[in-house]
Amino acid sequence: MNMGAVLLAIVVVGGVGLLIGLLLGVAGKKFEVEVDERVTKVREHLAGSNCGGCGFAGCDACAEAMVAGDAAPSACGPAGAENAKAIGEILGVSVAETEKKVAFVKCAGTCDKTVMQSEYFGIQDCVKAATMPGGTAKACSFGCMGMGSCVKACQFDAIHIVNGVAVVDHPENCTACGACAKTCPKKLIELVPAKAEHMVRCSNTQKGKEVKAVCAAGCIGCGICVKQCESDAVQVINNVAVIDPAKCTNCGKCAAKCPSKVIK
């Protein structure tokens with residue numbers, strides 16, 4: 001073996017590698033994208049769960065949006081009010097105090113209340129099952145499918161399936177990130193003020209007789225709750241009673257008179 005040729009090859013390969021390294025170093029400096037140091041500081045005050053509740057692709061994207069002015073300092077619900085205030089100070093903007101909210105499931109169709117029309121043996125995932133005919137054993141096509149897609153979406157252990165229906169049984173853990181609401185194919189979950197004591201647990205827009213045929217706990221749109229409310233907080237919209245938390249005084253008269261006992 002010609003040792004001279006070997007040494008020459010080593011020198012050439014090493015030289016080429018060194019040259020490439022130098023060129024990459026120069027290019028890295030020349031084309032380096034400067035990162036606003038405020039992004040890093042804001043990122044430290046976000047929840048870090050990458051839940052997507054803010055509407056951005058993770059906490060990094062949310063921090064960048066806040067610095068760019070495309071998201072409010074309070075956009076990260078799980079971070080809480082104190083962190084939102086700290087982010088506002090970093091960005092030099094005032095942050096209005098926000099009312100704490102929690103997720104609420106608009107369905108009371110538990111296994112003992114709703115009519116079962118069949119046996120379901122398919123995949124246990126609401127999102128996927130909703131795309132298939134007969135994707136649920138329950139006769140009410142408006143109610144909770146009870147397969148727990150919302151439970152899987154929640155990173156804070158706030159929601160669980162109880163007797164066939166999703167329930168926010170640990171509201172103290174709920175950060176109002178909205179991940180469960182986005183996941184639910186029936187759109188049964190909404191964020192409501194934590195102080196709200198009376199909400200309607202039904203989304204069935206059919207008429208009363210049809211509702212009762214599939215669920216004993218469904219709203220029949222009778223309007224008795226509307227007549228009982230003295231603060232104009234209750235309306236029947238599309239055959240379903242709806243309570244406005246902003247107007248509700250939590251007197252409880254609507255719940256006391258509801259024949260279906262569907263008002264939480």
Side-chain angles (χ1 to χ4, degrees), residues 32-107 125-127 144 147-162 166-199 201 203 242-248 264:
E32 181 180 10
V33 178
E34 292 188 12
V35 178
D36 192 324
E37 63 177 10
R38 294 179 300 169
V39 173
T40 303
K41 293 180 179 179
V42 167
R43 180 65 177 81
E44 293 174 353
H45 288 280
L46 300 183
S49 56
N50 291 310
C51 62
C54 59
F56 297 93
C59 294
D60 290 338
C62 182
E64 292 173 1
M66 287 180 176
V67 173
D70 296 329
S74 57
C76 179
E82 289 301 316
N83 280 309
K85 184 178 179 181
I87 292 171
E89 291 175 354
I90 293 171
L91 301 179
V93 297
S94 59
V95 180
E97 289 191 15
T98 57
E99 186 175 29
K100 177 175 172 53
K101 292 187 175 183
V102 296
F104 173 73
V105 184
K106 298 180 290 183
C107 179
D125 182 277
C126 303
V127 177
C144 176
M147 298 179 193
S149 291
C150 53
V151 178
K152 297 172 187 174
C154 180
Q155 299 186 39
F156 306 99
D157 195 36
I159 187 169
H160 300 90
I161 302 299
V162 180
V167 178
V168 184
D169 52 350
H170 292 295
E172 68 280 2
N173 292 347
C174 182
T175 62
C177 70
C180 58
K182 291 180 180 178
T183 300
C184 179
K186 300 287 185 177
K187 305 303 178 186
L188 295 175
I189 306 175
E190 65 178 32
L191 301 179
V192 302
K195 67 179 183 181
E197 296 179 12
H198 297 89
M199 298 296 294
R201 296 184 64 192
S203 298
V242 178
I243 298 177
D244 183 352
K247 294 181 179 180
C248 181
K264 177 186 175 183

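We're numbering straight along the sequence, starting at 1.
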| task | Of all the heavy-atom pairs spanning A75 and C62, show the shortest one and how long it is. | result | CB-SG, 4.5 Å
| remark: When every non-hydrogen atom of C107 is compared with those of L188, the smallest separation belongs to CB-CD1, 4.2 Å
| query | Taking C-beta and beyond as the side chain, do M199 and P245 meet within less than 4.5 Å on heavy atoms? | reply | yes
| said: Can you list everything that forms a salt bridge (charged side-chain N to carboxylate O under 4.0 Å, His left out) with E190? Sequence neighbours excluded, please. | reply: K106
| Taking side chain as C-beta onward, heavy atoms only, is K41 less than 4.5 Å from V67? | no
| field | All side-chain contact (heavy atoms from CB on, under 4.5 Å) counterparts of A194, not counting sequence neighbours | value | K100, V102
| note | Rounded to the nearest 0.5 angstrom, the SG-CZ distance for C59 and R43 is 4.5 Å
| message | Against C76, only a single residue in S74, P78, P73 fulfils side chain to side chain contact (heavy atoms under 4.5 Å, CB included); can you say which? | response | P78
| task | Kindly determine whether I90 and H45 satisfy side chain to side chain contact (heavy atoms under 4.5 Å, CB included), including the steps that lead there. | result | CA-CA 10 Å; I90 293 171; H45 288 280; 3.7 Å; yes
| query | Rounded to the nearest 0.5 Å, what separation is found between the SG atom of C174 and the CD1 atom of I159? | reply | 8.0 Å
| Do the side chain of S149 and the main chain of C126 share a donor and acceptor less than 3.5 angstrom apart? | yes
| message | Run the salt bridge (charged side-chain N to carboxylate O under 4.0 Å, His left out) test against K195 and tell me which residues pass, sequence neighbours left out. | response | E99
| query | Q155: what forms a side-chain contact (heavy atoms from CB on, under 4.5 Å) with it, not counting sequence neighbours? | reply | S49, C51
| request: Please report the shortest heavy-atom distance between I189 and A181, naming the atom on each side. | output: O-CB, 3.4 Å
| message | For E64 versus V39, what's the shortest heavy-atom pair and its separation? | response | CG-CG1, 3.9 Å
| request: To the nearest 0.5 Å, tell me how far I243 CD1 sits from K264 NZ. | output: 11.5 Å
| said: Please enumerate all residues that pass salt bridge (charged side-chain N to carboxylate O under 4.0 Å, His left out) together with D70, with sequence neighbours excluded. | reply: none
| Are any side-chain N or O atoms of N173 and backbone N or O atoms of D157, one a donor and one an acceptor, separated by less than 3.5 Å? | yes
| query | About how many Å separate CG of D125 and NZ of K152, when rounded to the nearest 0.5 Å? | reply | 5.0 Å
| Side-chain heavy-atom pair F156, H170 within 4.5 angstrom cut-off | no
| Taking atom CD of E82 as the centre, does the number of heavy atoms from other residues, nucleotides or ligands within less than 6.0 Å exceed 12? | no
| Is the closest side-chain heavy-atom distance between T183 and V127 below 4.5 Å? | yes
| message | Between R201 and V167, does the side chain to side chain contact (heavy atoms under 4.5 Å, CB included) criterion hold? Intermediate values first, please. | response | CA-CA 10 Å; R201 296 184 64 192; V167 178; 4.2 Å; yes
| salt bridge (charged side-chain N to carboxylate O under 4.0 Å, His left out) partners for K182, two or more places apart | none
| task | Grab the two heavy atoms, one from V151 and one from H160, that are nearest each other, plus how far apart they are. | result | CG2-CA, 3.7 Å
| query | Could you give the distance from SG (C177) to CG (N50), rounded to the nearest 0.5 Å? | reply | 11.5 Å
| said: Within the structure provided, determine whether E89 and V95 are in side-chain contact (heavy-atom separation under 4.5 Å). | reply: no
| Are M66 and L91 side-chain neighbours, meaning at least one heavy-atom pair lies under 4.5 Å? | yes
| message | Can you give me the closest heavy-atom contact between A71 and F56, atom names plus distance? | response | CB-CE1, 3.6 Å
